[in-house]
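Notes for the one structure printed next.
Atoms within each ligand, like the ligands themselves, are counted from 1 in listed order.
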Amino acid sequence: MDHSASSPILIFDTGVGGLTVLGELRKLLPEAPVIFAADQAGLPYGEKTEAEVAARVAGLLGRMSERYRPRLACIACNTASTIALGMVREVLEIPIVGTVPAIKPAAAMTRTGVVGLLGTQATIRQAYVDRLEAEFGNGHRLLRHGAAELVAPAEAKLRGEPVDREAIRRAVGALRSMPDGDRIDTVVLACTHFPLLAEELAEEFGPGVTLVDGSAGIARRIAHLVEGQEFARSVPDMAVTTGPLEEFQPLAPALKSYGIERLERF
Ligand code: DGL
């Protein structure tokens, strides 16, 4: 499909989790025009039903594609991707890059054979995750914990507010207290919000645990799909929110550090 050089890459998440993907993408494609879309009115997805997430994501991405004419869209949200990726690919004509739990690299890294997985409740119960585990788990143990309660602390951190350490302790404690949980040496951060709390999580897990997420791989996939295309920014990169603009505004400094200059309501 033909696109102009100013046609953006659309990065979609419920909130600031998508920034973990954008950060990696900037390293590879600093020239690429980007629209960062946050479905803050729908956040959190992790506690919604599959039908609710699928309808929301397909509807919003359809409308956003019409309005912004992106050359590619990335669903930078594990919950939305594991549920709605296939459906979105069927309805949109542009390439769609999804975000799936980094079980494959984690299984290659573990030495104890026990891998932890932190995602939202909606992500960890998906058949998509069962398939990844069967295909790439190498017969290792994968201990899953639904920690949607870490989404709000990640959002708070980027607004410059204190992080709820108790929520971090509970999530780590839940994995550790599962059978074989004390042997976990690798943890998949299967929610794009969670790498924003990597420091706090690493502290709580203690030494000897490696945290793995998929953001660098996703950025490489995007770069590969747009290889050879021209980029020229005709307007400053912007972020759009489905929620009230006043509630998005406190994120402006964090968004600016990722090169996002304007905030608008979708
Ligand atoms: N960032 C989303 C993910 O990767 C989850 C946030 C939410 O629950 O809304 O799953």
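Within 4.0 Å of ligand 1, the residues that place a heavy atom are D13, T14, P44, Y45, G46, C77, N78, T79, T120, V151, C191, T192, H193, listed by chain and number.
A salt bridge links E149 with R170: the distance from a Lys NZ or Arg NE/NH1/NH2 to an Asp or Glu carboxylate oxygen falls below 4.0 Å. A salt bridge links D130 with R144; the closest basic N to acidic carboxylate O contact falls under 4.0 Å. A salt bridge links R165 and E203; the closest N-O separation between the charged side-chain nitrogens and carboxylate oxygens is under 4.0 Å.
Each side-chain hydrogen bond (donor to acceptor under 3.5 Å, both in side chains) pair with one or both residues in residues 14-25, not counting sequence neighbours, appears once here: E24-K27.
For the pair F194 and D213, the minimum side-chain heavy-atom distance is 4.5 Å or more.
Other residues, nucleotides and ligands contribute at most 12 non-hydrogen atoms within 6.0 Å of the OH atom of Y128.
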